[in-house]
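What follows is a single structure, written as structure tokens, with notes after it.
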Amino acid sequence: MSQQPIGVVGAGTMGQGIAQVLATSGFRVRLYDVAEAALERARSAIDAGLGKLVAKDRLSEAGREEAMARLLTTADLETLADCAVIIEAAPEQPELKEQLFRDLSRLSDDAILASNTSSLSLTRLAAVSARPERVVGMHFFNPVPVLKLVEVIRAEQTSDATVARIEALAEALGKTAVRVGDSPGFAVNRLLVPMINEAAFLVQEGAATPEAVDQAMQLGAAHPMGPLQLADLIGLDVCLAIMEVLQEGFGDPKYRPCPLLRRMVEAGYLGRKSGRGFHVYS
């Protein structure tokens with residue numbers, strides 16, 4: 001598999017992290033995005049991320065240069081035609097992802113199409129692909145270079161060979177693959193995001209400040225980061241989208257998004273990436 005390049009679709013935070021891990025693991029990477037500016041930012045961010053590894057003596061300067069040489073950024077989707085695996089890391093918009101999977105399945109008869117979706121149905125994505133048996137979920141976690149988990153989600157149509165190849169790729173990246181069924185939110189987000197949503201309700205009701213909620217969970221539950229700090233890191237828009245998927249998928253009122261969370265997203269208070277969420281960032 002390492003002889004063929006790996007494609008990554010989407011040059012946002014997750015796409016950058018996935019591309020960096022692939023490049024440092026010896027894979028040639030083709031990072032695609034429709035926006036040239038996003039590709040420029042991604043290349044700079046990846047170079048900076050590798051620089052941090054060099055500073056920590058976890059990567060040599062030569063290794064940094066070699067990794068960057070393995071990274072190709074492109075705004076031409078056809079550049080991914082000879083990739084062994086294409087990992088989609090586009091925004092969590094069902095219509096966008098479905099169109100991407102239609103387009104990607106026309107590029108190659110052999111490529112595995114893996115989605116980094118955090119909550120959307122893999123079975124639904126596979127259904128629009130020309131080769132649904134080659135569609136699988138490969139859900140990384142932010143920050144990708146640090147966190148070891150990859151949820152491997154099997155659609156109803158996914159073949160055994162596809163799952164095996166993605167698990168092997170995860171292992172080659174130094175990750176631990178955990179198989180999870182194709183259920184809304186999968187495992188981690190089905191547990192984690194409702195907790196964040198409940199923390200938002202505490203703030204909305206005036207029961208506790210964001211600082212108090214985070215400190216309580218850090219000191220009382222040994223969480224390395226409070227739930228609202230984590231929400232700001234993930235992005236409040238992403239948290240809201242996952243809650244909406246859970247509510248729609250299960251039809252259970254316990255997944256109702258907190259109105260405060262929705263208002264903050266409407267106001268553009270998305271967390272770290274916007275400079276303000278439940279906390280303020282300079």
Side-chain angles (χ1 to χ4, degrees), residues 6-25 27 29-35 37-50 52-53 67 71-75 77 80 83 85-94 96-98 100-101 104 112-122 125 135-153 166 169-170 173-178 180 185-189 192-193 196 225 230-242 245 265 270-274 277:
I6 305 293
V8 179
V9 174
T13 300
M14 295 304 293
Q16 293 170 16
I18 294 167
Q20 178 180 319
V21 169
L22 285 164
T24 54
S25 299
F27 291 91
V29 187
R30 294 181 181 169
L31 176 61
Y32 164 84
D33 200 284
V34 293
L39 293 170
E40 292 175 9
R41 288 194 298 271
R43 193 169 190 89
S44 296
I46 292 169
D47 191 41
L50 296 176
K52 292 178 181 178
L53 296 179
L71 173 65
L72 171 69
T73 57
T74 178
L77 197 64
L80 309 184
C83 290
V85 176
I86 301 173
I87 303 171
E88 172 273 313
E92 288 288 275
Q93 300 168 14
L96 171 62
K97 289 183 184 286
E98 287 174 18
L100 276 171
F101 270 71
L104 292 171
I112 289 175
L113 304 182
S115 178
N116 182 58
T117 179
S118 58
S119 58
L120 300 177
S121 168
L122 269 300
L125 290 177
V135 173
V136 66
M138 192 178 191
H139 182 209
F140 293 83
F141 290 80
N142 187 32
V144 178
V146 176
L147 297 183
K148 297 295 186 182
L149 176 65
V150 173
E151 287 182 321
V152 177
I153 302 100
I166 289 302
L169 176 58
L173 300 179
K175 304 298 184 184
T176 299
V178 175
V180 181
F186 313 132
V188 172
N189 282 336
L192 177 65
V193 181
I196 289 172
M225 179 181 293
L230 182 57
D232 283 351
L233 178 62
I234 295 169
L236 302 194
D237 52 338
V238 176
C239 294
L240 176 60
I242 293 171
V245 168
V265 171
L270 307 182
R272 287 182 178 270
K273 60 188 174 184
S274 69

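Computed from a predicted structure; not experimentally measured.
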Compare every heavy atom of [Y] with every heavy atom of [X], then report the nearest pair and how far apart it is.
| X | Y | value |
| --- | --- | --- |
| Pro91 | Leu96 | CD-CD2, 3.7 Å |
| Gly15 | Leu31 | O-CD1, 4.2 Å |
| Gly271 | Leu236 | N-CG, 4.3 Å |
| Cys83 | Gly7 | SG-N, 3.5 Å |
| Ala75 | Leu39 | N-CD1, 3.8 Å |
| Phe101 | Ser115 | CZ-CB, 3.7 Å |

What residues, two or more places apart in sequence or in another chain, satisfy salt bridge (charged side-chain N to carboxylate O under 4.0 Å, His left out) together with Glu92?
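Here the qualifying residues are Lys97.
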
With rounding to the nearest 0.5 angstrom, report the [atom1] to [atom2] distance, [X] to [Y].
| X | Y | atom1 | atom2 | answer |
| --- | --- | --- | --- | --- |
| His139 | Ile153 | NE2 | CD1 | 7.0 Å |
| Leu149 | Phe140 | CG | CZ | 10.0 Å |
| Ile18 | Asn116 | CD1 | CG | 4.0 Å |
| Ile196 | Leu230 | CD1 | CG | 4.5 Å |
| Arg30 | Leu80 | CZ | CG | 7.5 Å |
| Thr117 | Leu125 | OG1 | CG | 6.5 Å |

Contacts of type side chain to side chain contact (heavy atoms under 4.5 Å, CB included), residue Ala48, not counting sequence neighbours
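If we apply the side chain to side chain contact (heavy atoms under 4.5 Å, CB included) test to Ala48, skipping adjacent residues, there are no hits.
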
Residues in side chain to side chain contact (heavy atoms under 4.5 Å, CB included) contact with Leu147, at least two apart in sequence or another chain:
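By the side chain to side chain contact (heavy atoms under 4.5 Å, CB included) rule, Leu147 matches Phe141, Pro143.
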
Less than 4.5 Å apart, any side-chain heavy atom of [X] and any of [Y]?
| X | Y | result |
| --- | --- | --- |
| Val144 | Gln20 | no |
| Leu104 | Leu77 | yes |
| Val152 | Val178 | no |
| Val85 | Phe27 | no |
| Val150 | Leu169 | no |

Show, in sequence, the C-alpha distance, side-chain angles and deciding distance for Phe186 and Leu122, and conclude whether the side-chain contact (heavy atoms from CB on, under 4.5 Å) test is met.
CA-CA 10 Å; Phe186 313 132; Leu122 269 300; 3.7 Å; yes

Take Glu88 and Leu113 through the test side-chain contact (heavy atoms from CB on, under 4.5 Å) and record every step on the way to the result.
CA-CA 7 Å; Glu88 172 273 313; Leu113 304 182; over 6 Å; no

N/O donor-acceptor pair under 3.5 Å between [X] side chain and [Y] backbone:
| X | Y | answer |
| --- | --- | --- |
| Asn189 | Ser118 | yes |
| Gln16 | Ala11 | yes |
| Asp33 | Ala38 | no |

Met138 vs Ile112, side-chain contact (heavy atoms from CB on, under 4.5 Å): CA-CA, chis, key distance, verdict:
CA-CA 11 Å; Met138 192 178 191; Ile112 289 175; over 6 Å; no

Under the side-chain hydrogen bond (donor to acceptor under 3.5 Å, both in side chains) test, residues paired with Glu40 that sit two or more places apart
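Expected list: none.
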
What residues form a side-chain hydrogen bond (donor to acceptor under 3.5 Å, both in side chains) with Asn142, not counting sequence neighbours?
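side-chain hydrogen bond (donor to acceptor under 3.5 Å, both in side chains) list for Asn142, sorted by chain: empty.
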
Pairwise side chain to side chain donor-acceptor pair (under 3.5 Å) hits with a residue in residues 232-242, at least two apart:
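Matches after skipping sequence neighbours: Asp232-Tyr281, Asp237-Lys273.
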
Show your working on side-chain contact (heavy atoms from CB on, under 4.5 Å) between Ile242 and Ile234 and close with a plain yes or no.
CA-CA 11 Å; Ile242 293 171; Ile234 295 169; 5.5 Å; no

